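Everything numeric in this text was worked out from a predicted model, so none of it was measured.
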There are 2 protein chains.
Amino acid sequence: MTELTNFIQAYFPIPLNQVETLASYFKYKTLDKGDFFLKSGSYCNELSFILDGHLRIFETVEGREVTQWISSRGDFITDIASLVFDQPGRRNIQALKSVELYSIYKEDYDRLPLIIPHWERIEKQFLAKCFLTLEDRIFSFLSMDSAQRFQQMFAYKPELFNEVPLHYLASMLGMTPETLSRIRSKV
Amino acid sequence: MTELTNFIQAYFPIPLNQVETLASYFKYKTLDKGDFFLKSGSYCNELSFILDGHLRIFETVEGREVTQWISSRGDFITDIASLVFDQPGRRNIQALKSVELYSIYKEDYDRLPLIIPHWERIEKQFLAKCFLTLEDRIFSFLSMDSAQRFQQMFAYKPELFNEVPLHYLASMLGMTPETLSRIRSKV
DNA sequence: TGGTCTTCTTGATATAAATCAAGATTTTAA
DNA sequence: TTAAAATCTTGATTTATATCAAGAAGACCA
């Protein structure tokens with residue numbers, strides 16, 4: 001369980017004893033390659049922490065799959081529309097390899113404000129950080145060409161490019177697999 | 001002041017008497033055309049509500065201005081990095097016409113959790129909604145061409161296209177003014 | 001009022017990236 | 001172990017969009 005507590009500490013600025021308390025609500029589980037963490041339209045009733053493996057967030061648009069993001073070891077994964085607003089999940093989330101997770105389920109998650117002091121504030125700050133990250137990603141589409149977006153992503157998460165089929169990464173970067181291949185061959 | 005309370009009610013699900021309390025912290029101010037609400041690198045110490053006019057959020061990249069977003073009547077405006085994390089503002093925010101605002105300043109803003117019950121939760125939900133909006137915008141760059149992005153934006157905020165110079169909108173949509181002009185001429 | 005600046009459009013051309021196609025390599029599964 | 005499927009690359013071609021250029025219309029101002 002120590003790995004989980006380390007990750008929690010990295011994300012949430014709370015005292016050590018509360019880290020332990022928070023960690024105690026998370027339950028270990030695994031997904032096999034191809035399993036769905038969430039299917040679009042279903043409810044997502046968990047917030048999960050990825051211990052190992054990759055989860056692809058995607059949607060099918062006019063017959064082709066558009067990959068929004070790939071989450072990996074050290075990332076949290078959930079569907080905000082479900083978890084925060086009790087709405088149907090907006091995207092598919094599928095394991096690209098076998099995945100190890102620690103999950104807190106909605107029943108426990110909803111009681112965290114009563115258990116962890118200032119939980120709502122901590123969560124607000126967590127969401128604010130996500131907001132800044134998404135803003136930067138939008139800005140990258142407004143200001144960079146394909147090669148620059150590749151370089152930025154490669155600098156940010158180099159291991160992805162070994163561990164995940166490249167056509168998913170191409171989609172996530174807003175380009176075709178052929179374009180990504182040609183960009184890579186020039187470096 | 002009733003307009004402000006209406007807008008607050010639309011955004012924040014709190015009882016009427018608290019709406020009044022919250023509204024009492026906001027101060028009216030105006031900006032002239034061309035004035036900066038925020039300059040990149042400076043601290044933004046206010047959360048503001050736009051009563052009238054348009055504010056353009058942009059950054060200069062390699063000599064050219066990239067417009068990230070244009071906020072209008074009914075929108076909130078601030079810099080999250082400053083307001084939440086006390087960091088320098090990330091973008092320029094400039095009035096495109098004369099603008100009327102109601103602003104709450106950081107000193108008061110920071111005390112809201114003590115004044116408005118469940119304020120942190122309300123704010124968390126507000127940020128979660130922003131998160132979903134930004135996600136959708138990212139998805140539009142992954143799945144749509146220029147004409148589709150134009151149509152989506154035109155359906156969402158048609159009045160913008162009368163009231164704001166089109167080259168700013170083009171930049172915000174990730175295309176050149178010429179491309180936007182040609183797309184428009186086909187409709 | 002006239003003149004300058006900004007905005008917007010339109011045409012010609014260039015460029016980035018998509019599409020189509022095929023082959024090579026690797027992975028998966030029977 | 002082998003066949004099938006998935007992945008990745010490379011080349012040829014097409015398409016979407018950017019760039020360059022010029023002119024028209026409107027806004028702003030001295």
Side-chain angles (χ1 to χ4, degrees), chain A residues 31-35 53-54 56 58 60-67 70 94-99 138-154 158-187, chain B residues 32-35 53-54 56 58 60-67 70 94-98 138-154 158-187:
Chain A
L31 295 171
D32 289 333
K33 176 174 175 171
D35 284 355
H54 300 284
R56 179 172 71 104
F58 72 99
T60 302
V61 179
E62 291 161 18
R64 72 205 164 90
E65 289 182 353
V66 177
T67 296
I70 294 167
Q94 187 180 28
L96 288 180
K97 309 182 162 188
S98 67
V99 169
I138 287 169
F139 206 81
S140 79
F141 287 109
L142 297 179
S143 65
M144 294 178 180
D145 64 18
S146 295
Q148 290 171 314
R149 292 201 303 279
F150 160 77
Q151 281 156 10
Q152 178 180 268
M153 185 60 65
F154 187 76
E159 70 282 4
L160 266 194
F161 292 79
N162 303 322
E163 298 174 3
V164 159
L166 293 172
H167 62 276
Y168 295 140
L169 292 171
S171 174
M172 176 177 128
L173 290 167
M175 65 187 80
T176 60
E178 293 93 332
T179 295
L180 177 57
S181 174
R182 282 185 250 263
I183 287 169
R184 270 162 38 94
S185 76
K186 281 184 200 149
V187 196
Chain B
D32 289 333
K33 177 174 176 172
D35 284 355
H54 301 284
R56 179 172 72 106
F58 72 99
T60 303
V61 179
E62 291 159 18
R64 72 206 162 91
E65 290 184 351
V66 177
T67 297
I70 294 167
Q94 188 180 28
L96 289 181
K97 311 182 163 188
S98 66
I138 289 170
F139 206 82
S140 80
F141 287 110
L142 298 179
S143 65
M144 293 178 181
D145 64 18
S146 294
Q148 291 172 313
R149 292 201 302 281
F150 160 76
Q151 280 155 12
Q152 177 180 267
M153 185 59 66
F154 187 76
E159 70 282 4
L160 266 194
F161 292 79
N162 302 322
E163 299 174 2
V164 160
L166 293 172
H167 62 275
Y168 295 140
L169 292 171
S171 174
M172 175 177 130
L173 289 168
M175 65 188 79
T176 59
E178 293 93 333
T179 296
L180 178 56
S181 174
R182 283 186 249 264
I183 287 170
R184 270 162 37 94
S185 74
K186 281 183 200 148
V187 196

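Looking at the side chain of A:T176, the nearest of the listed nucleotides D:dA18, D:dT19, C:dA18 is C:dA18. Closest approach to the A:S146 side chain among C:dA17, D:dT17, C:dT10 is made by C:dA17 (side chain taken as heavy atoms from C-beta onward). Nearest nucleotide to the A:R182 side chain, out of D:dT10, C:dT10, C:dA17: D:dT10.
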Are there any protein N/O atoms within less than 3.5 Å of an N/O atom in nucleotides 4-8 of chain D, and if so, which ones and at what distance?
unit_1: D:dC8; atom_1: OP2; unit_2: A:L166; atom_2: N; d: 2.6

Using atom names, set out every protein N or O paired with an N or O of nucleotides 27-30 of chain D below 3.5 Å, distance rounded to 0.1 Å.
none

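In this structure, the CG atom of A:L180 is 17 Å from the P atom of C:dA16, given to the nearest Å. The CD1-P distance, from B:I183 to C:dC8, rounds to 15 Å in whole Å. Between A:F150 atom CZ and C:dA17 atom C1' there is a gap of 16 Å when expressed in whole angstrom units. Whole-Å rounding puts the B:D145 CG to C:dA16 C1' distance at 15 Å. Between the CG atom of B:L173 and the C1' atom of D:dT17 there is a distance of 14 Å, given to the nearest Å. Taking atom CG on A:L96 and atom P on C:dT27, their separation rounds to 16 Å, with Å as the unit. Distance, B:E178 CD to C:dT15 C1': 14 Å, rounded to whole Å. Between B:N162 atom CG and C:dC8 atom C1' the separation is 14 Å, expressed in whole Å.
In this structure, B:S185 does not reach the C:dT9 phosphate: none of its side-chain N or O atoms is under 4.0 Å from OP1 or OP2.
In this structure a side-chain-to-backbone donor-acceptor pair under 3.5 Å is present from A:T176 to A:T179. Side-chain N or O atoms of B:Q94 include none that pairs as donor or acceptor with a backbone N or O of B:D35 at under 3.5 Å.
Side-chain contact between A:L160 and A:H54 is present, with at least one heavy-atom pair separated by less than 4.5 Å. B:Q152 is not listed as a side-chain neighbour of B:Q148, based on a closest heavy-atom distance of 4.5 Å or more. Between A:P177 and A:L166, the closest side-chain pair of non-hydrogen atoms is not below 4.5 Å. At a threshold of 4.5 Å between non-hydrogen side-chain atoms, the residues A:F139 and A:M144 do not count as touching. No side-chain heavy atom of B:L169 sits under 4.5 Å from any side-chain heavy atom of B:M153.
Shortest non-hydrogen contact noted between A:R64 and B:L142 is NH1-O, 4.5 Å.
Looking at residues two or more places apart in sequence or on another chain, you find no side chain to side chain donor-acceptor pair (under 3.5 Å) involving A:S140. For A:S181, the side chain to side chain contact (heavy atoms under 4.5 Å, CB included) test picks out no residue, with sequence neighbours left out. Partners of A:T67 by side chain to side chain donor-acceptor pair (under 3.5 Å), not counting sequence neighbours, listed by chain and number: A:R56.
Ring pair A:F141/B:F141 is parallel by interplanar angle, where below 30° counts as parallel and above 60° as perpendicular.
For the helix from C:dT1-D:dA30 to C:dA30-D:dT1, the rotation axes defined at the first and last 5 base pairs enclose an angle of 50°, given to the nearest 10°.
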